[in-house]
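Every chain is numbered from 1 and lettered A, B, ... according to where its sequence line falls, protein lines coming before strand lines.
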2 protein chains.
Amino acid sequence: MPSARRLDALLDQLRARGVRVTAARRAVLAELLDAGHDHIGIEELATRVRRRTPAIHLSTVYRTVEALRESGILRAARLGDQPVAYHLAGDTHHHAVCRSCGTTVEFPDADLDDLRRRLVDRHGFAADPEHLTVSGRCRRCVGRGVDGSGSAAGHHR
Amino acid sequence: MPSARRLDALLDQLRARGVRVTAARRAVLAELLDAGHDHIGIEELATRVRRRTPAIHLSTVYRTVEALRESGILRAARLGDQPVAYHLAGDTHHHAVCRSCGTTVEFPDADLDDLRRRLVDRHGFAADPEHLTVSGRCRRCVGRGVDGSGSAAGHHR
DNA sequence: GTCATTGCAAATGGTTTGCATTGTA
DNA sequence: TACAATGCAAACCATTTGCAATGAC
């Protein structure tokens with residue numbers, strides 16, 4: 001589906017929920033579509049949006065992003081300690097972030113099936129496809145024996 | 001093991017790493033031991049600490065908590081959007097938080113075994129026992145058909 | 001005695017909010 | 001026209017930091 005078409009579809013989705021379509025929302029959605037699979041932070045998103053659409057205030061981007069999130073159109077992901085980054089909903093996935101080098105690995109939502117089943121069976125808890133971040137160490141850092149801020153054996157001074 | 005004894009053990013653990021044992025650290029650890037299984041936020045922790053030990057500054061609590069975290073003695077957990085809460089390391093567990101009513105359900109680290117295996121097998125990624133928060137809806141809210149900030153059908157107005 | 005730790009006050013940084021104005025439906 | 005959305009500046013709040021004084025080893 002061409003990008004312009006997808007944009008219209010998303011805008012219709014908004015209207016259908018009684019959410020008004022404005023320049024800011026159109027622009028933010030357009031940028032998110034452009035970004036494809038990448039995750040964009042608020043500042044970056046604001047910058048990109050302004051390249052095409054004048055003076056859209058950062059606070060507006062915040063409010064826009066929140067509106068889109070409530071409409072289920074985008075997802076917020078907090079990778080490690082970085083500020084929240086956004087991406088269109090759709091292919092739900094999660095991230096594993098290396099605490100030593102910061103590398104991130106993506107994994108599909110299906111990898112949580114087992115956990116989901118356990119949560120439902122035991123607690124009746126229905127897990128959302130909300131973004132999840134797992135911390136740990138990537139292949140390279142494990143191989144190297146590198147250890148992040150965690151537990152380094154006695155090093156005195 | 002009596003609480004005082006456990007405190008000493010933890011303090012020794014600190015000394016063994018070359019971390020100095022101070023009033024603030026003793027006090028914070030004592031409170032965390034007292035809190036048992038509960039998670040405590042920074043402000044609350046500072047308040048409790050001050051009940052026994054005078055004028056310990058909030059920034060000191062922050063620094064103390066960070067030092068203890070680096071030593072692997074405590075864990076930080078961010079439940080939903082609340083500020084970070086702390087608890088002693090040990091019985092690693094995770095939380096599922098209901099996005100409608102805020103109820104939290106605890107689940108054991110073992111519930112992540114399957115995910116862990118997948119991450120290792122496919123990416124060589126070694127997941128930490130770091131705290132994880134899963135969002136979703138609890139049994140009651142699922143039953144009631146309540147829906148949090150998520151997707152409420154067209155409401156125009 | 002040395003150097004980590006603390007108290008304090010000030011800075012930071014991401015995010016939110018009140019209000020008058022603008023623009024969508 | 002009515003009311004949601006925006007721009008802007010100010011407020012917020014958790015967390016961090018610089019520095020001189022203090023205290024652990």
### Task
Answer with yes or no whether the side chains of A:T92 and A:R75 bring together a donor and an acceptor at under 3.5 Å.
yes
### Query
For B:R17 and B:S71, does a side-chain donor sit closer than 3.5 Å to a side-chain acceptor?
yes
Can you tell me the distance, in whole Å, between the [atom1] atom of [X] and the [atom2] atom of [N]?
| X | N | atom1 | atom2 | result |
| --- | --- | --- | --- | --- |
| A:L45 | C:dG14 | CG | P | 15 Å |
| B:R25 | C:dG7 | CZ | P | 11 Å |
| B:E70 | C:dA4 | CD | P | 14 Å |
| B:R17 | C:dT5 | CZ | P | 11 Å |
| A:E66 | D:dA4 | CD | P | 16 Å |

### Query
Mind checking whether A:S100 and A:R137 have side chains closer than 4.5 Å, heavy atoms only?
yes
### Query
What nucleic acid atoms does A:A24 come within less than 4.0 Å of, heavy atoms only: base, sugar-phosphate, or nothing?
sugar-phosphate
### Task
Go along nucleotides 14-25 of chain D 5' to 3' and tag each nucleotide: B for a protein heavy atom under 4.0 Å from its base, S when only backbone or sugar atoms are that close, - otherwise.
SBBBB----BBS
### Query
the helix from C:dG1-D:dC25 to C:dA25-D:dT1: angle between its terminal axes, five pairs each, to 10°?
40°
### Query
Among D:dC8, D:dA5, C:dC8, which nucleotide sits nearest the side chain of B:H57?
C:dC8
### Message
Using the rule that Ile, Leu, Val, Met, Phe, Trp and Tyr join whenever any side-chain heavy atoms are under 4.5 Å apart, tell me whether A:V19 and A:I56 fall into a single cluster.
### Response
yes
### Task
Could you grab the distance from atom OG1 of A:T64 to atom CD1 of A:I73, nearest 0.5 Å is fine?
11.5 Å
### Query
Is there a donor-acceptor pair closer than 3.5 Å between any side-chain N or O of A:H94 and the backbone N or O of A:L132?
yes
### Query
Salt bridge between A:R117 and A:D113, side-chain N to carboxylate O under 4.0 Å?
no
Show the atom names and distances, to 0.1 Å, of all donor-acceptor pairs under 3.5 Å that link a side chain in residues 25-37 of chain B to residues at least two apart or in another chain.
residue : atom : partner : partner atom : Å
B:R25   : NH1  : B:R20   : O            : 2.7
B:H37   : NE2  : B:D91   : OD2          : 2.9
B:H37   : NE2  : B:E106  : OE1          : 3.3

